[in-house]
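Values reported hereafter were calculated over all heavy atoms of this structure, with side chains retained and with hydrogens, waters and symmetry mates removed. Convention: sequence-line order gives letters A, B, ...; per-chain numbering from 1.
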Amino acid sequence: MLEIQRIRQEKEAILAALAKRNIDASQTLDAILETDQNWRMAKTQLDQVAAEMNQLARSIGELFKSGQQAEATAMKEKTSALKIQEAALKEQVSALEDALQKHLYTLPNVPNEAVVQGRDAEDNQNVFEAGSIPQFSFEAQPHWDLAKKFKLIDFELGVKVTGAGFPFYRGKGARLQRALIQFFLDEAIAAGYEEFISPHMVNEASGYGTGQLPDKEGQMYYVQEDDFYLIPTAEVPLTNIYRDVILPDANFSIKMCGYTPCFRREAGSYGKDVRGLNRLHQFDKVEIVRVEHPDNSAKALDEMIDHVKNLLDKLELPYRILRLCGGDMGFASAMTYDFEVYSAAQEKWLEVSSVSRFDTFQSNRLKLRFKDDKKTTLCHTLNGSALALPRILASLLENHQTENGIQIPKALQAYTGFSVIE
RNA sequence: GGAGAGUUGGCAGAGUGGUCGAUUGCGGCAGUCUUGAAAACUGUUGAACCGAGAGGUUCCGGGGGUUCGAAUCCCUCACUCUCCGCCA
C-alpha cells in the first residue's frame with residue numbers, strides 16, 4: 001500500500017511510474033487526493049468539536065465537585081447540540097477513511113527507476129545468462145516420463161488420494177526432494193539467514209499484512225471452521241513476524257529463511273504448461289526474506305540475486321535472469337528479477353525463482369517501522385525463492401539425463417547419498 | 001468438546017465513573033559522581049493523526065451502548081491462559 005503522504009507530495013512521479021505497468025492511475029489518484037482533502041477537513045472539525053466537548057465535561061465535573069449543581073445541570077444542556085454534531089462528523093470521517101482505504105488498496109506498488117515499461121513477459125529484460133544448454137545425442141525425455149521411468153514421482157497416486165496437482169514423491173524422488181531442501185537451507189544459513197519453521201496456516205491479519213488479502217483470497221486454500229488460510233509461500237508467515245513492530249534503532253538487517261510447503265489454488269490453465277511438475281497445488285519451497293533499512297535495500301537485492309545464482313551454479317543448471325517489465329511485475333513489487341532455467345526436453349525456460357524488493361509497500365501495511373532519532377520510519381522488505389522445488393527437480397531430471405539415467409550434481413551428492421539415478 | 005480466569009505503554013504490573021495516556025518497578029536514553037566502568041542519585045522515555053506553529057484529537061483486545069464525562073458500568077465478538085476430556 002502506498003503511503004498517503006507520498007501521494008500528496010509526488011502525484012506526478014507516481015503517475016508516470018505506474019504508467020510503466022500500463023496503468024493510468026490519474027482518476028484513482030485524483031479520487032484519493034480529493035477524499036484525503038475531505039477527510040482532513042472533516043477530521044479537523046471533529047477534533048474541534050471533541051475538544052469543546054472535553055472542555056465542557058471537565059467544567060461540569062468541577063462544578064459538581066464544588067457543589068454547584070444548578071450551574072452544572074445548565075451546562076449539561078449545552079452538550080446535546082454538540083453531541084449530535086459530533087456523531088455526524090464521526091460518521092463522515094469514518095466513511096471517508098473507508099473510501100480512502102479502499103482506493104489505496106487498489107493501487108499497486110510504484111516500479112523502480114530501473115524497471116522498463118512493458119506489457120507482458122515478452123517485454124522483460126534479459127540481464128544475465130549462465131551455463132550452457134545441454135546437447136543430447138539421444139532424444140531427451142521430459143521429466144514426467146523420466147519420473148515415471150525411474151519411479152520418482154507418482155502423479156496418478158496423488159490424484160487418487162487428493163486430486164490433480166498433489167503428487168507423491170517416492171523412493172529416490174523423495175530423497176532427492178529432501179536433499180534439495182536441505183541443500184537450500186544450508187546454503188541460506190551459510191549466507192547469514194536465520195532458519196525458521198513456521199506455521200503452515202495463517203490468520204486473516206497476516207493475509208492482509210503481506211497483501212494476499214483483500215482480493216486474492218481465491219488463490220489461497222481457506223479453512224472455514226477456524227478462519228485460517230493455508231500459506232501460498234513462507235513469505236507470509238516470515239514477513240508477518242514483523243507485523244506491528246517498531247525496531248529500536250536504525251542499525252538492523254534482518255535475514256530469515258524457511259522451508260515450507262506452499263499451497264495454491266490457482267484455478268489457472270490446462271495443457272502443456274501445467275504438465276508434470278510445472279504447476280502444482282502443493283509444492284515445496286525455501287524462501288529468503290529480508291527486512292532492511294531503506295538505504296540498504298538495493299544492496300540487499302543484489303546479495304539475494306547472487307545467492308540464487310550461486311545455488312543454480314552449484315546445481316549446474318543453465319539459467320538466465322530477467323528483470324521484469326512493469327506489466328509483468330507483481331502487485332506489491334517495486335522491482336522483480338525472475339530466474340529461469342532452461343528445460344532441455346521441454347525446450348523452454350522454466351521460472352524457478354522470483355526475487356523482489358517491495359520498498360515500503362508491505363511495511364506500510366504491516367506497520368513495520370524503525371526508530372531513527374525520534375522519528376519512526378517504514379522499513380523495506382524483500383523476498384525471494386531460494387528455491388522453488390518442483391521446476392528445479394524437473395530441470396535437474398531433464399538437463400542431467402543420460403541415456404541410462406540421471407546424473408546428480410556434485411554439490412548435491414552429499415545430500416542424496418547417491419550420484420546417479422538409474 | 002466442558003469449566004474457569006484473563007486481555008492496560010518494550011516487559012512486569014496498579015488502576016472499578018471526573019485533570020488517567022494512565023501509579024510503580026524493570027528495561028532504554030541523558031546527566032551527576034568516577035581515570036573508566038559498575039553501583040547510587042537526578043532527569044527523561046508509547047503510538048497514530050490534524051496543524052506552519054501554538055496547540056488539538058484518538059488509542060487501555062475489536063465493535064456497540066449508558067453518561068455532561070468510561071481503562072473503570074452494560075452488551076457483543078475475538079483472542080490468550082489454566083484445569084478436565086480426547087489425541088500425535
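B/C20 sits 26 Å from B/C79 when the C1' atoms are compared, rounded to a whole Å. With both ends at atom P, the span from B/G9 to B/G4 equals 27 Å, rounded to whole Å. Here the separation of B/A3 from B/C49, taken at their C1' atoms, is 44 Å to the nearest Å. Separation of the P atoms belonging to B/A78 and B/U67 is 28 Å when rounded to the nearest angstrom. Taking the P atoms as reference points, B/G31 lies 10 Å from B/A37, given to the whole Å. Between B/A12 and B/G61, the distance separating the two P atoms is 14 Å to the nearest Å. When the C1' atom is compared between B/G2 and B/C74, the two are found 27 Å apart, to the nearest whole Å. Atom name C1', nucleotides B/A22 and B/G46: the rounded distance is 11 Å, in whole Å.
In a base pair of the Watson-Crick type (N1 to N3 plus N6-O4 or O6-N4) or a G-U wobble (N1-O2 and O6-N3), with each distance short of 3.5 Å, B/C33 is matched with no nucleotide. B/G18 is paired with B/C68 under the Watson-Crick or G-U wobble criterion, all donor-acceptor distances under 3.5 Å. For B/A52, there is no paired nucleotide, since no Watson-Crick or G-U wobble pair has both relevant distances below 3.5 Å. The partner of B/A12 is B/U24, by the rule that a Watson-Crick or G-U pair needs both atom distances under 3.5 Å. Here B/U7 sits opposite B/A78 as a Watson-Crick or G-U wobble pair (both hydrogen-bonding atom distances under 3.5 Å). Pairing partner, B/G1: B/C84, with both Watson-Crick or wobble hydrogen-bond distances short of 3.5 Å.
Pairs engaging residues 179-207 of chain A under the side-chain hydrogen bond (donor to acceptor under 3.5 Å, both in side chains) rule: A/Asp186-A/Tyr415, A/Glu187-A/Asn310, A/Glu187-A/Lys314, A/Tyr193-A/Arg290, A/Asn203-A/Ser206, A/Ser206-A/Arg243 [sequence neighbours left out].
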Summary of protein contacts for nucleotides 47-67 of chain B, nucleotide by nucleotide, where a base hit scores B, a sugar-phosphate-only hit scores S (4.0 Å, heavy atoms): SSSSS----BSS---------
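Under the 6.0 Å distance and 45° angle rule, A/Lys309 counts as a cation-pi partner of A/Phe128.
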I'd like a table of donor-acceptor pairs (distance under 3.5 Å, sequence neighbours excluded) in which one partner is a side-chain atom from residues 89-98 of chain A, with atom names and distances.
{"from": "A/Ser94", "atom 1": "OG", "to": "A/Glu91", "atom 2": "O", "distance (Å)": "3.4"}
{"from": "A/Glu97", "atom 1": "OE2", "to": "A/Trp39", "atom 2": "NE1", "distance (Å)": "3.0"}

Quick one: side chains of residues 72-82 of chain A, donor-acceptor pairs under 3.5 Å with protein atoms, not counting sequence neighbours, listed by atom name and distance.
{"from": "A/Thr73", "atom 1": "OG1", "to": "A/Gln69", "atom 2": "O", "distance (Å)": "2.8"}
{"from": "A/Thr79", "atom 1": "OG1", "to": "A/Lys76", "atom 2": "O", "distance (Å)": "2.5"}
{"from": "A/Ser80", "atom 1": "OG", "to": "A/Glu77", "atom 2": "O", "distance (Å)": "3.0"}

Would you be so kind as to tabulate the donor-acceptor pairs closer than 3.5 Å made by side chains of residues 158-181 of chain A, with sequence neighbours excluded?
{"from": "A/Arg170", "atom 1": "NH1", "to": "A/Asp154", "atom 2": "OD2", "distance (Å)": "3.4"}
{"from": "A/Arg175", "atom 1": "NE", "to": "A/Thr416", "atom 2": "O", "distance (Å)": "3.3"}
{"from": "A/Arg175", "atom 1": "NH2", "to": "A/Thr416", "atom 2": "O", "distance (Å)": "3.2"}
{"from": "A/Gln177", "atom 1": "NE2", "to": "A/Asp284", "atom 2": "OD2", "distance (Å)": "2.9"}

Please tabulate, for the side chains in residues 379-387 of chain A, all donor-acceptor contacts under 3.5 angstrom to protein atoms that are two or more places apart in sequence or on a different chain.
{"from": "A/His380", "atom 1": "ND1", "to": "A/Ser297", "atom 2": "OG", "distance (Å)": "2.9"}
{"from": "A/Thr381", "atom 1": "OG1", "to": "A/Gln362", "atom 2": "OE1", "distance (Å)": "2.7"}
{"from": "A/Asn383", "atom 1": "ND2", "to": "A/Glu235", "atom 2": "OE1", "distance (Å)": "3.4"}
{"from": "A/Asn383", "atom 1": "ND2", "to": "A/Glu235", "atom 2": "OE2", "distance (Å)": "3.4"}
{"from": "A/Ser385", "atom 1": "OG", "to": "A/Ser353", "atom 2": "OG", "distance (Å)": "3.4"}
{"from": "A/Ser385", "atom 1": "OG", "to": "A/Ser354", "atom 2": "N", "distance (Å)": "2.9"}

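For the pair A/Lys149 and A/Asp145, the salt-bridge criterion is not met [side-chain N within less than 4.0 Å of a carboxylate O].
Spacing between atom CD of A/Gln68 and atom P of B/C68 amounts to 19 Å, rounded to whole angstrom units. Between A/Phe64 atom CZ and B/G18 atom C1' there is a gap of 11 Å when expressed in whole angstrom units. If you measure from atom CG of A/Asp244 to atom C1' of B/U7, you get 16 Å, rounded to the nearest angstrom.
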